2 protein chains.
Amino acid sequence: MAQQSCPYQCPVEAAFDFIGGKWKALIIWHIGKSSRRYSEIKQKLPKISPHILSRQLKMLEDNGLILRKQHEGIPPRVEYTLTAAGLGLLPILDLTCDWAIAHYPEHIPKGFFKQPPGS
Amino acid sequence: MAQQSCPYQCPVEAAFDFIGGKWKALIIWHIGKSSRRYSEIKQKLPKISPHILSRQLKMLEDNGLILRKQHEGIPPRVEYTLTAAGLGLLPILDLTCDWAIAHYPEHIPKGFFKQPPGS
DNA sequence: CGGAATCCTCGAGGATACTG
DNA sequence: CAGTATCCTCGAGGATTCCG
């Protein structure tokens, strides 16, 4: 058998390896409980480049956080939804959102209103 | 007045800027509700280099997540504790830990037992 | 003991152009 | 529409040495 490849000392370390980085948590958050197309996610994250979004989605898929469903036809149509693991993250991201609002109000964009996760 | 420098579209983005990266969440987690010396944290994180630990602690202090208390004397003695913001993160990290254990049991080190946060 | 100073690696993230 | 293909930047993280 190959190595278990468990370089983590602590579950928190593993978790941040899966959802850390600049975009992954945001993508999970924006998919929420719904189904999102590539271009919908792109619109919500205007600053991400297509290449990076594509790569992040691939990583999330490989790590079992999202599902990619491709509908054949012209034009192409791809839908992303969260897996059970991804859905399990939503309450945590929700709390994280509350935490940031509570402790760093000056870093919250003006006029930001929190929508229930998975709107 | 200088720019507000609020480059975040969403509180989750801000939060991950503060606690993202390879070490910050782990450091918060290991300080917990107690007071930890530099060398205690270093022992819990054997793979971090002194320089990096120092820099991460500085960032956490600058972002208002931890407090640094220096006791003068020889030998030097520095204690780190969490601020209110840092403490507010503990329940979230606790849930994150549970989440990883639930969904990625194969990435959890054998024999890992979760201690109540802030042990 | 708890760092600081210096230098370096490496890969996440990005810009741009192109395509089935 | 939903990506690939190339090439590039830049800074987090690291190794090593030195210090009050």
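Just so we're on the same page: letters track the sequence lines, and every chain starts at 1. Because the structure is a prediction, the values reported are computed rather than measured.
The CG-C1' distance, from Leu53(A) to dC1(D), rounds to 13 Å in whole Å. In this structure, CD1 of Ile41(A) is placed 11 Å from C1' of dA2(D), rounded to the nearest angstrom. Atom CZ in Arg37(A) sits roughly 7 Å away from atom C1' in dC1(D) (whole-Å rounding).
Residue Arg55(A) is classed as a base contact, given a heavy-atom separation below 4.0 Å to a base.
Salt bridge Lys114(A)/Asp98(A): present, at least one basic N to carboxylate O contact under 4.0 Å.
Closest approach of Cys10(B) to Phe112(A), counting heavy atoms only: CA-CE1, 4.2 Å. Smallest separation of non-hydrogen atoms from Phe18(A) and His107(B): CZ-CD2, 3.5 Å. Lys24(B) approaches Ile19(B) most closely through the heavy-atom pair CB-O, 3.8 Å.
In the region residues 12-24 of chain B, proximity to DNA chain D at under 4.0 angstrom, judged on heavy atoms, holds for Gly21(B), Lys22(B), Trp23(B). Remark: Arg68(B) in residues 63-70 of chain B come within less than 4.0 Å of DNA chain C through at least one heavy atom.
Between Ser39(A) and dA2(D), a side-chain N or O to OP1/OP2 separation shorter than 4.0 Å is present. Listed pair Tyr80(A) / dG3(D) meets the phosphate criterion, a side-chain N or O lying under 4.0 Å from OP1 or OP2.
Between Cys97(A) atom SG and Ile92(A) atom CD1 the span is 14.0 Å, to the nearest 0.5 Å. Taken to the nearest 0.5 Å, the CG atom of Asp94(B) stands 11.0 Å off from the CG atom of Leu95(A). Distance check, rounded to the nearest 0.5 Å: CD1 of Ile31(A) to CG of Leu57(A) gives 6.5 Å. Note that CE of Met59(A) is 11.5 Å distant from CD1 of Ile66(A), once rounded to the nearest 0.5 Å. Note that OH of Tyr38(B) is 12.0 Å distant from CD of Gln43(B), once rounded to the nearest 0.5 Å. To the nearest 0.5 angstrom, Leu53(A) atom CG is 7.0 Å from Lys42(A) atom NZ.
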Apply the test side chain to side chain contact (heavy atoms under 4.5 Å, CB included) to residues Lys22(B) and Gln56(B): give CA-CA distance (whole Å), side-chain angles for both, the deciding distance (0.1 Å), then the verdict.
CA-CA 10 Å; Lys22(B) 191 169 175 180; Gln56(B) 302 289 314; over 6 Å; no
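Membership of an apolar cluster is not assigned to Phe113(A), as no side-chain contact below 4.5 Å to another ILVMFWY residue is traced.
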Atom pairs and distances, side-chain donor-acceptor, residues 77-87 of chain A, under 3.5 Å, sequence neighbours left out:
from	atom 1	to	atom 2	distance (Å)
Arg77(A)	NE	Glu79(A)	OE2	3.4
Arg77(A)	NH2	Glu79(A)	OE2	2.9
Glu79(A)	OE1	Ser35(A)	OG	2.7
Tyr80(A)	OH	Arg68(A)	NE	3.4
Thr83(A)	OG1	Gly64(A)	O	2.6
Thr83(A)	OG1	Leu65(A)	O	3.2
Thr83(A)	OG1	Ala85(A)	N	3.3
Thr83(A)	OG1	Gly86(A)	N	3.2

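Here the range on DNA chain C touched by chain B, meaning any atom under 4.0 Å from one of its heavy atoms, is dC1(C) to dT6(C).
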Can you give me the N/O atom pairs linking the protein to nucleotides 15-20 of chain D at distances under 3.5 Å, or say none if there are none?
from	atom 1	to	atom 2	distance (Å)
dA15(D)	N6	His51(B)	ND1	2.6

